Amino acid sequence: MPKNLVIVESPAKAKTIEGYLGKDFKVASSYGHVRDLPKGGLSVDVDNGFLPTYEIQADKKAVIKELKKLAKDAEIIYLASDGDREGEAISWHLKEALDLNDSQTRRIVFHEITKNAIQNALQNPRGIDLNLVNAQQARRVLDRLVGFEISPILWRKIKGGLSAGRVQSVAVRLVVDREREIDGFNSSSSFKITAHFIIEKGKILNAELPKKFESEDQALAFLEKCIEADFFIEKLETKPSKKSPAPPFTTSTLQQEASRKLSFSVSQTMTLAQKLYESGKITYMRTDSLNLSEEAINAAASAITGDFGSEYSQSRRYKTKSKSAQEAHEAIRPTDFRVSSAGKDYNENRLYELIWKRAIASQISDAQIEKTIATVGISNNDLKFTASGEVIKFDGFLKVYIESTDDENSDEQKGMLPPLAEGQVLELKDLTSRETFTRPAPRYTEASLVKKLEEMGIGRPSTYAPTISTIQKRGYISKETREGRERKFIQLVLANRGIERTINTETTGYEKQKLFPTNIAMVVNDFLVDHFPNVVDFSFTANVEKEFDEIALGEKPWDSMISDFYSKFHSTVEETKLVERSEVNKSRELGKDPASERKVYARLGKFGPVIQIGESDDDDKKFASMRQGQFIESISLEEALDLFQLPRNVGVYEEEEVIAAIGKFGPYVKHNGKFYSLGKELDPLSVSIDEATALINTKRTADANMVIKAFEGNDEIQVLNGRYGPYIKAGKKNVKIPKDQKPEDLTLQECVDLAEKTPEKKFKGKRK
DNA sequence: CAGTGAGCGAGCTTCCGCTTGACTT
């Protein structure tokens, strides 16, 4: 029987550590926090020193029972939860819940999972730091007070089930503010000049004018002057430069890169990383630390030297910039740098590879680059073109990893310039002036919102993914892909001494998986900004964090900090209860309906944003739901009136009426009881009877062709032609047909075999 | 795969931060 019990937070960690310690140690896990404020009510005694009531969480009863049993058999119990505020509190709650006495209890902390670090920690035990525990308690109580006092006001004034909180309300505010910024953005255009020069046979020099022209006339004047001009290399500069690798991943940077490079959602990244962690492939994935253990740095150096040569090895130690970082873990890295590929499936594999590359690159030498800038003079003008190129002299870390950016305007990789000499005369091939438009700040993606929150010190690595999903579940934010619209731009091209003007089109505003606020988010946000400006202030978290730090240092009692906050906060809560519902959910008057001469309003109705024609006390007032992407604050009268044209009678086909409308799944036409989706090209307001019948007929032929093969005596299994190609339908299972198989040649047995080989599909949809 | 929208009242919803599985269309 082991005489020592070590309790850590994570079971995977427990397993690893048990391997490091001898027979005298049993290592168990608490699975995170074990006690919390009860779910049901406030459970904070605001009249009595804010005394919290704690209870063992329902899902931790079994854990506590097991830990109690282990503790009874042990002489010494080491509480080894993380060394941060939350970890200290976990140790204290464990001590309370397990009824441990001081003499048998030790508190130990380690920052990396290595044999040395753990043995070192065991040699240096201490007691529980109650100041740190109190700082956590203050954090917990503050969040409960804010969340549980504001949310019920939202239920009464706006809609049931809504929520507000220190973290989520700021996240929503960021998205709402950005949407309004985009809505109010006035795009202006200017003219950018690029030139192609012929150097020698086949070699072309691309150059651009650093100055943009404000108007087409100015651009045209420049081009006209260039007809008579000579061009020459005025200056050639070569500068050595270097590039350094990015530090290894933290939770937030991993989420960002996996989003940009692999198109993973924030929660998908975390689920995959969790699997890699549990199978021992990577270190802990919820961390804000850039630190690598000495052992890891040495292991990386030896892997790099072995794979690429010693000139590629450059050990680096990174310091975490963010103040809020709590450094309880290492950065995210592979547990074994020699393994460049791991994971149980395609996506685990891709995520592992990303982590491996980033971590190993952080320990590889800088890339040495030679940058060349050529200045092209114009004989009859003081303006100059520039052309730049770079040559990689030593690739260094670029051999394995290139970081991506969110910046949509960032230059693609620059190539090498053709051989040039100062004074060299250039032959102009063509010169283009293209109208370009200024763009507003981009909408957030899940990952870029996490990045922003982290920069502001709001939220923690363990909560980024849940926060992003909460604000979507509450109906504040939706993640959408939206088609862009076409925009015309002017282009002037000078070639062969003549200038040609064309008007071309480009697509703008295409948004892929971006975050859009809903009307409810706007109403809730405005309410919070009006009445609780301090709580949704972008620096609220940073301010209270400073106070939590003071509590942790023993410089301030936790309950007086909470009391200072609460007295003002709670009186605001009481005042706010008196605010009228109609004051919070204002209806906006859009104008008059020309048909009925009645007023038109936009407001948040019981079932969502709605347009209303007629006064609220009219018996025959009319309603229409607003469409996605329409906002109460910005919808025009014209757009609003359009909504009343649906459902619309498109015409008659085969003696049956064709109706166009918008349903739950988007715009559709209905004919003879069947629905046909209109897709993105056709608008239900303008779709013609010809377009509608064409759609009905294509869908019919597709239906007729759907069954490729059926088997006699077995109606469970069929070979079908689906949207993504042929597939086998075996009961409820859909099985893709391998490329080397012809669908029409499949036998029943082959279908059965393929179906059996395919694992049950995991559910990926929304939970009810 | 709609059109809904009164007012009353009971009883429900909610926070953030630590952890994993169990569960569902």
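Order of the sequence lines fixes the chain letters, A, B, ..., with proteins taken first and strands second; residue numbering starts at 1 for each chain. Keep in mind that this is a model prediction, so the values were computed, not measured.
Side-chain contact of Ser29(A) with Glu9(A): a donor-acceptor pair under 3.5 Å is absent, judged by distance alone. A donor-acceptor contact under 3.5 angstrom links the side chains of Ser91(A) and Ser81(A), judged on distance only. No side-chain donor from either of Arg35(A) and Gln57(A) sits under 3.5 Å from a side-chain acceptor of the other.
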Does Arg286(A) form a side chain to side chain contact (heavy atoms under 4.5 Å, CB included) with His329(A)? I'd like the steps, not just the answer.
CA-CA 8 Å; Arg286(A) 290 185 276 263; His329(A) 305 275; over 6 Å; no

From CA spacing to verdict: ring pair (Phe, Tyr, Trp, His ring centres under 6.0 Å), Tyr668(A), Tyr676(A)
CA-CA 5 Å; Tyr668(A) 66 92; Tyr676(A) 303 89; 9.8 Å; no

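With respect to the salt-bridge test (charged N to carboxylate O, under 4.0 angstrom), the residues Arg107(A) and Asp129(A) do not qualify. Using a 4.0 Å cut-off between charged nitrogen and carboxylate oxygen, Arg598(A) and Asp620(A) count as a salt-bridge pair. A salt bridge is absent between Lys60(A) and Glu66(A); no separation between the charged side-chain nitrogens and carboxylate oxygens falls under 4.0 Å. Taking the charged nitrogens against the carboxylate oxygens, Lys275(A) and Asp345(A) have no contact shorter than 4.0 Å, which rules out a salt bridge. A salt bridge does not link Glu615(A) with Lys621(A): none of the charged nitrogens is closer than 4.0 Å to a carboxylate oxygen.
The CD1 atom of Ile613(A) sits 16 Å away from the P atom of dG5(B) (whole-angstrom rounding). The distance between atom CG of Asp288(A) and atom C1' of dC18(B), rounded to the nearest whole Å, is 14 Å. Glu278(A) has its CD atom 10 Å from the C1' atom of dT19(B), to the nearest Å. One atom, CG of Leu646(A), and another, C1' of dA2(B), lie 12 Å apart when rounded to the nearest Å. With rounding to whole Å, Lys15(A) atom NZ is found 13 Å from dT20(B) atom P. When rounded to the nearest whole Å, the span between CG of Asn672(A) and P of dC1(B) equals 16 Å. Nucleotide dA2(B) holds its C1' atom 16 Å from the NZ atom of Lys622(A), rounded to whole Å. In this entry the distance linking CD of Glu88(A) with P of dC18(B) reads 14 Å, nearest Å.
Shown here are the ring pair (Phe, Tyr, Trp, His ring centres under 6.0 Å) partners of Phe532(A), two or more places apart in sequence or in another chain: Phe569(A).
Remark: ring of Phe623(A) not stacked against base of dT4(B); the cut-offs of centroid gap under 5.5 Å and plane tilt under 30° are not jointly satisfied. Stacking between Tyr31(A) and the base of dT19(B) is absent under the criterion of ring centres within 5.5 Å and planes under 30 degrees.
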Between the protein and nucleotides 6-11 of chain B, which nitrogen or oxygen pairs are less than 3.5 angstrom apart?
none

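Counting any heavy atom pair closer than 4.0 Å across all strands shown, Tyr277(A) reaches sugar-phosphate atoms only and no base atom. Counting any heavy atom pair closer than 4.0 Å across all strands shown, Tyr284(A) reaches sugar-phosphate atoms only and no base atom. Base engagement by Val610(A) is indicated by at least one non-hydrogen atom pair under 4.0 Å involving a base atom. As judged by a 4.0 angstrom heavy-atom cut-off over every strand, Pro466(A) is placed among residues making no nucleic acid contact.
Taking the centre and axis of the six-membered ring of Phe148(A), the NZ or CZ atom of Arg144(A) falls inside the cone set by 45° and 6.0 Å.
The side chain to side chain donor-acceptor pair (under 3.5 Å) pairs that include a residue from residues 131-143 of chain A are Asp36(A)-Arg140(A), Tyr54(A)-Gln137(A), Glu86(A)-Gln136(A), Glu86(A)-Arg139(A), Arg139(A)-Asp143(A), Asp143(A)-Arg166(A), where partners are two or more places apart or lie in different chains.
Where Arg603(A) and Pro11(A) each meet DNA chain B at their nearest nucleotide, the meeting point lying more 5' is that of Arg603(A). Closest-nucleotide positions on DNA chain B for Phe675(A) and Arg286(A) were compared, and the one nearer the 5' end corresponds to Phe675(A).
Here Ser30(A) does not reach the OP1 or OP2 of dC18(B): none of its side-chain N or O atoms lies under 4.0 Å away.
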Give the B/S/- string for nucleotides 12-17 of chain B, one per nucleotide from 5' to 3', where a protein heavy atom under 4.0 Å of the base yields B, of only the sugar-phosphate yields S, and otherwise -.
-BBBBB

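The aromatic rings of His570(A) and Tyr566(A) sit parallel to each other, their planes meeting at less than 30°, with 60° as the upper class boundary.
Taking 3.5 Å as the limit, the base of dT4(B) and the side chain of Ser625(A) contain a donor-acceptor pair of atoms between them.
Using modelled atom types, one side-chain atom of Thr335(A) and one backbone atom of Gly280(A) make a donor-acceptor pair closer than 3.5 Å.
With pairs defined as Watson-Crick or G-U wobble and both atom distances under 3.5 Å, not a single stem of at least three pairs touches DNA chain B.
Contacts with DNA chain B (heavy atom under 4.0 Å) in residues 531-542 of chain A: none are found.
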